[in-house]
Every structure is written in C-alpha cells, then in structure tokens.
Number of protein chains: 2
Amino acid sequence: MFGTSERAGKGGSADKRPASTAVRDETAAHLRSPHAGASSSCKTCSLRPVCAVNPDELACSQQMEDLVLGYRQVKKGEALFRVGDPFTNLYAIRTGSFKKVTLLADGREQVTGFHVSGESLGTDGIAAAQYASDAIALEDSSVCVMPFDLLEWLSREVDAVRHHVFRMLSAQLVRESNSMMLLTMTADERVAAFLLDLSRRWQARSYSPSAFALRMTREETGSFLGLKLETVSRTLSRFQKQGLVQVRGKDVRILDFAGLIEVAHHPSSS
Amino acid sequence: MFGTSERAGKGGSADKRPASTAVRDETAAHLRSPHAGASSSCKTCSLRPVCAVNPDELACSQQMEDLVLGYRQVKKGEALFRVGDPFTNLYAIRTGSFKKVTLLADGREQVTGFHVSGESLGTDGIAAAQYASDAIALEDSSVCVMPFDLLEWLSREVDAVRHHVFRMLSAQLVRESNSMMLLTMTADERVAAFLLDLSRRWQARSYSPSAFALRMTREETGSFLGLKLETVSRTLSRFQKQGLVQVRGKDVRILDFAGLIEVAHHPSSS
DNA sequence: CGCGCACTTGACAGAGGTCAATCTCCGTGG
DNA sequence: CCACGGAGATTGACCTCTGTCAAGTGCGCG
C-alpha cells in the first residue's frame, strides 16, 4: 500500500516526483488514458465549475493535468471501491452517480451519502489507509482516477493544491455534519430537505432545479434519511396531493419551492 | 481573515515563515504563553498519546513547538468560537470538554458533537474561512491555540505534518459519517452506543472506561442523539433496572459491557 | 410479452414524543 | 447553617408519527 512512500518523505526529502508505478500497474487494465477523449483535460472539462477537485484557482496549475491518471467506468450496481479495500486513489465523478454504503456492527447496512458528477469519492480512506465505505454506482458511471500519492506530492509543491485539498475535506465535514440535522427532523422535513438538496445540486450543474430523476430507490432514499421505504413513498404521495411536487416513479418535478421550503423548515405545518 | 496570506503563496513563493502578527495581536490578551507552564511543550504534554494534532510521529519535529501560539481558558457555558466567526485558529482541547452546536434554518438548534481533551476543534471553519458551528465549553476548559496560517506553513515544509493534517481531517469524516448510523437505530441502541463511545474515549485517555461523568445535560444528549430528554432519562433508568449501568445524576458506571454492546447492536432485544 | 422488482396504498401496532407533576441537586443569600 | 429558588432530572399518562405487515399495481428489462 502507499504507506512506504508516505512515511519515507519525513523530514523533507523525496524531491523527486513519485512514479506511482504500483498504482499504474494495478489499475491500468481498467483505465482509459486521460489524453485520449475529447474533454480529457481538467482545463477543458465541462465540470470544472463544480468539480470538488479542480476549481478555477487550480486551473492555472499545469501539474493538475498529470494528477488524473485516467478514467474508470463503473457499471450500474458495481462498486468503485469497498470497505477495507486498500486506499490508493481519490476519485472525481465525471458522469453518473454513486451511493456510499456503510455496514453496521450487526450486519444491517446504511446509505451514508449520494454523490453526483463533480463530487469526490474516497476521502474517507485517507485516515486508515483503507476505504471506510462502499461506493456503488447508481447508474453506469465514470470517474477520474487520482492516485493519492500524486496528490500528496502536488500538495507539497503547489500551495493552491494543498489549500484546496484542506478546504475540500473541511467542506465535506460541514456537509456531513449538516446531515446530522436529519436526526431532529420529522419525515416530512427530511423528505422535503432531501428534494431541495438534490435540486440545489442539479442547479449548480446547470440542470433544471425543478425537474430531475431520483436515481436511487425508495429504499435507498429511506436508508439515507433514516426512514422506511413506505414512509418515503407515502410522504412523496402526500406532497403530490398538496401540490408541492409531481412524482411519477423516479421522475420528480418541484411545483412549489416556497411550500417545500416551508415544510422543510417547520416541524408541524401542512 | 487569513485569505491574504493564504492566496499569496500561490505558485510556490513565500518561503519565509509567516509572522502571523494579526492573530497574535488579536488574541494576545486572552493567551498564556506556551512556554510558561509545566506541560507547556507538545513533547512533554501528557495528552500526546491521544492528541489529534500531535501524535508520536510529529513529536520529532522541532517546529511543532512553535505551532501552539498559546493557551486559552474558556469558562463553562462560554463559546470558544461561534458560527460565522472569522476562521483563524484550530484548537486542541487541553482540559475540559465542549459541545458543537449548529443552528437549523427555523431557529432550532442541534448538538452535532461532544469533544474532550486531545480532540481538535475548528476544522469545520477551513472550508468557508468562517466557523460552521458554535463550540461551547461544558465545564471550565482550556485549549491550545494553533493559528491556521502557521499550520499551513508547516504543512508545506514538513511532510509529516501535512500527512497528519490530511489523516486527521479524514478521520473526522469517518467519525461523523459513523454518527449517521444513529438514524437507523432505536432509542436503546443510540443511548447504549453513546455510553460505549464515551467509555472508549475515556479509556484511550487512561481513565476508567466503566465510571465517568456525563458533562452534558440530558437535553444536550438527546439533541445529539435525536431523542427527547425524557426518552434519554427513561432509557437510562431502564438500563439501570436491567443491571446494565448505574446512574446517579451525571455519574455513570457501566456494570455490564457485554450486555450494553448487545443492546447497541440489536434492534429489538432486552 | 410477461416476469419480477420497485413502488403504492391500507390497516394496525408500537416506539417515542408531548404534557404535566414531582423530585433532586446545588448554588445563593439571609 | 439553613432556607430558598431554579435548573435539571425523573416518572407517569396519553397521543401521534412512523414502522410493520400485507395486498395490490405498474413499470422496466430481458
């Protein structure tokens, strides 16, 4: 695993860029070169405005080009990584979406997050040098593969990269702790807040904030929100009766944002 | 705030250590010198084995001594920082304990975490250059003050520091996402898991894992666990009747670890 | 085209919330 | 030193929300 190169640098030596050959060999078969396709460069990537890894301030850095080792396709239902897999790479989602799943001590499993294009995966693996959750594709998806030892090296050499990694990790902390708010919320509030969160994220990607598809099942949604699938279904149906949304299977259209926000923020109002 | 010095370094200049005068001036009145007291050095600090900021691998680094600008006392009920305060420092708890509190959109507030000696505070402020929660002392407490621009500088110069900050942030991510597990747990499971978590953290600090004081009120405990204070109280009383614990006000003694673990892991068993 | 999985909807039960009364500390001041 | 007051904790009665169980529907994928 990457422990060797990691601890070797103590004291400030290791000025040479790590070759990262182990990673390259290990995953080469699954990867497509980043310099093959059309939007193969971070600079020209259409996701740049929202990408958690490559914001504008990093675009000037020539080295960022080299960070993305390649791309990897993940088919619907397949795992990008699983709990306990040795941590080697961070990933940025290019297309598609993922769920993060964690196993409880007694065997039950819980969805701990949903992630869409431009968001990063794998950061929970840094701490213990192995991933702390499963990352499962909700649809056929593709990710940018970024070997962590390269990111480490860039973090030392380029101030902007280091700053950005710090901020990215901290931002994730804030987001996760926000989802603790679910604990004190009723089922209505949880579902409303969930829809508004998805809406906001689609909007940031220049998609319609009012019409989108729920790529996850009702059961996965319920697991994430701490509800049973029947409750999710019932709540959506009621929201529809109240004219807040229009739901047809996985397709959702938000009809009344103000009303939905009202529900998300108020414990007991219709 | 620290934005200026942060972005100034872009490109790899700024080899001189930042003076951090702004921070020093701003807070000097509240601080005691780190080189005054007995355990004023990270090297001799009794918390070193558990300190999230200064583990063994960093102890060799002479520069770590300079990271701690000073100490700050926080009286019971007072805030170390509040939501929106400009982010300048990370903190390591020396003595005492804190709760982190976040405000919901409708005004209700939720406890998002409890922290004891050796744990770090303020990491949620890196992302947006302002703190994302209130940190309130649960008892008279003291913290080590670490200006983030100094930590930033050390992160560039010393590989071990950078590695460690990455790991510390990632470990926090894992811990926070573990607390999402509460969503699928019953009240019994939540309270049992809460007691076991506190026990584990006290044990790591060489205190008794079976007898300790709950510094937080039932209401704060409930807020953190997503329960009402009455439910927390009732659950503790029932655990006592079942011989799992002995509770007298804030003092807790765990009598049956195996039983408590059983409750924490099983949805519906006595 | 039809099988199966996901979803919807209903009836019921139970976990936890709400409201309220009472108790136990502890600090404060007479 | 004790009386008092107030915050926190406990306990009970009741009720609501959500989980559970079950039946039925529809859509997607082979």
Side-chain angles (χ1 to χ4, degrees), chain A residues 75-77 99 108 110-111 136 138-140 182-195 213-242 245-252 263 266-270, chain B residues 75-77 99 108 110-111 136 138-140 182-195 213-242 245-253 263-264 266-270:
Chain A
K75 290 225 182 81
K76 178 176 177 173
K99 64 171 174 178
R108 287 174 295 173
Q110 156 126 17
V111 175
I136 313 286
L138 294 173
E139 59 193 307
D140 291 357
L182 290 173
L183 280 169
T184 47
M185 295 166 89
T186 65
D188 282 17
E189 294 176 279
R190 292 184 199 194
V191 174
F194 177 69
L195 292 175
L214 303 172
R215 295 279 156 57
M216 62 293 291
T217 67
R218 298 288 188 267
E219 183 167 26
E220 288 162 344
T221 306
S223 174
F224 176 65
L225 296 177
L227 302 170
K228 290 295 156 184
L229 67 95
E230 295 95 330
T231 305
V232 174
S233 181
R234 263 188 266 270
T235 306
L236 287 174
S237 297
R238 192 156 29 75
F239 283 179
Q240 176 155 265
K241 272 196 207 101
Q242 295 168 346
V245 300
Q246 180 185 319
V247 187
R248 266 192 75 77
K250 298 208 170 300
D251 291 320
V252 173
V263 172
H266 262 301
S268 60
S269 89
S270 84
Chain B
K75 290 224 182 82
K76 177 175 178 174
K99 62 171 175 177
R108 286 174 296 172
Q110 156 125 21
V111 175
I136 313 286
L138 293 173
E139 59 194 307
D140 291 356
L182 290 172
L183 279 170
T184 48
M185 295 166 85
T186 65
D188 282 18
E189 292 176 280
R190 294 183 198 194
V191 175
F194 176 70
L195 292 175
L214 303 174
R215 295 278 155 59
M216 63 293 292
T217 66
R218 298 287 187 268
E219 183 167 26
E220 287 161 344
T221 306
S223 174
F224 177 65
L225 296 176
L227 301 170
K228 290 293 155 184
L229 68 94
E230 294 95 330
T231 305
V232 174
S233 181
R234 264 187 265 270
T235 305
L236 287 174
S237 297
R238 190 156 29 77
F239 283 178
Q240 177 155 267
K241 271 196 207 101
Q242 295 167 347
V245 300
Q246 180 186 319
V247 187
R248 265 193 74 78
K250 298 209 168 303
D251 291 320
V252 173
R253 179 176 297 274
V263 172
H266 261 302
S268 59
S269 90
S270 86

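Just so we're on the same page: letters track the sequence lines, and every chain starts at 1. Being a predicted model, the structure only gives us computed values, none of them experimental.
Atom CG of L225(B) is separated from atom P of dG16(C) by 12 Å (rounded to the nearest Å). Atom P of nucleotide dC5(C) and atom NZ of K250(A) are separated by 14 Å, given to the nearest angstrom. Distance CE (M216(A)) to P (dC7(C)): 11 Å, rounded to an integer number of Å. Remark: C1' of dA9(D) and CG of D251(B) are 14 Å apart, rounded to the nearest angstrom. Between D188(B) atom CG and dG17(C) atom C1' the separation is 15 Å, expressed in whole Å. Regarding K76(A), its NZ atom lies at a distance of 13 Å from the P atom of dC5(C), rounded to whole Å. The distance from atom NZ of K228(A) to atom C1' of dG14(C) is 14 Å, rounded to the nearest whole Å. Following rounding to the nearest Å, R190(A) (CZ) and dT18(D) (P) show an atom-to-atom distance of 8 Å.
Comparing R218(A) and T231(B) by the nucleotide of DNA chain C whose heavy atom lies nearest to each, the residue mapping closer to the 5' end is R218(A). When each of R248(A) and G226(A) is assigned the nucleotide of DNA chain D with its nearest heavy atom, G226(A) is the one assigned upstream, toward the 5' end.
Between E139(B) and the options K75(B), K250(B), R215(B), K99(B), a salt bridge (Lys or Arg N to Asp or Glu O under 4.0 Å) holds for only R215(B).
Using a distance-only test at 3.5 Å, with no hydrogens or angles considered, no donor-acceptor pair links the side chain of S223(A) to the main chain of E219(A). Side chain of R218(B) to backbone of V232(B): no donor-acceptor contact under 3.5 angstrom is found. Without hydrogens or angle criteria, S233(A) side chain to L229(A) main chain gives no donor-acceptor distance under 3.5 Å.
Contact annotation: R238(B) side-chain N/O to dT11(D) OP1/OP2 distance is not under 4.0 Å. Between dT11(D) and S237(B), a contact under 4.0 Å exists linking OP1 or OP2 to a side-chain N or O.
Judged by atom type and distance alone, R234(A) reaches the base of dT20(D) through a side-chain donor-acceptor pair under 3.5 Å.
Contacts of G222(A) with the nucleic acid, taken as non-hydrogen atoms under 4.0 Å apart, are absent. Looking at heavy-atom distances under 4.0 Å, L229(A) makes contact with a base.
When distances are taken from the side chain of E230(B) to each of dC19(C), dA9(D), dG17(C), the shortest belongs to dC19(C). Here dA6(C) is the nucleotide among dT9(C), dT18(D), dA6(C) with the atom lying nearest to any side-chain atom of T217(A).
Residues T235(B) and D188(B) form a side-chain contact, since some pair of their non-hydrogen atoms from C-beta on lies under 4.5 Å apart.
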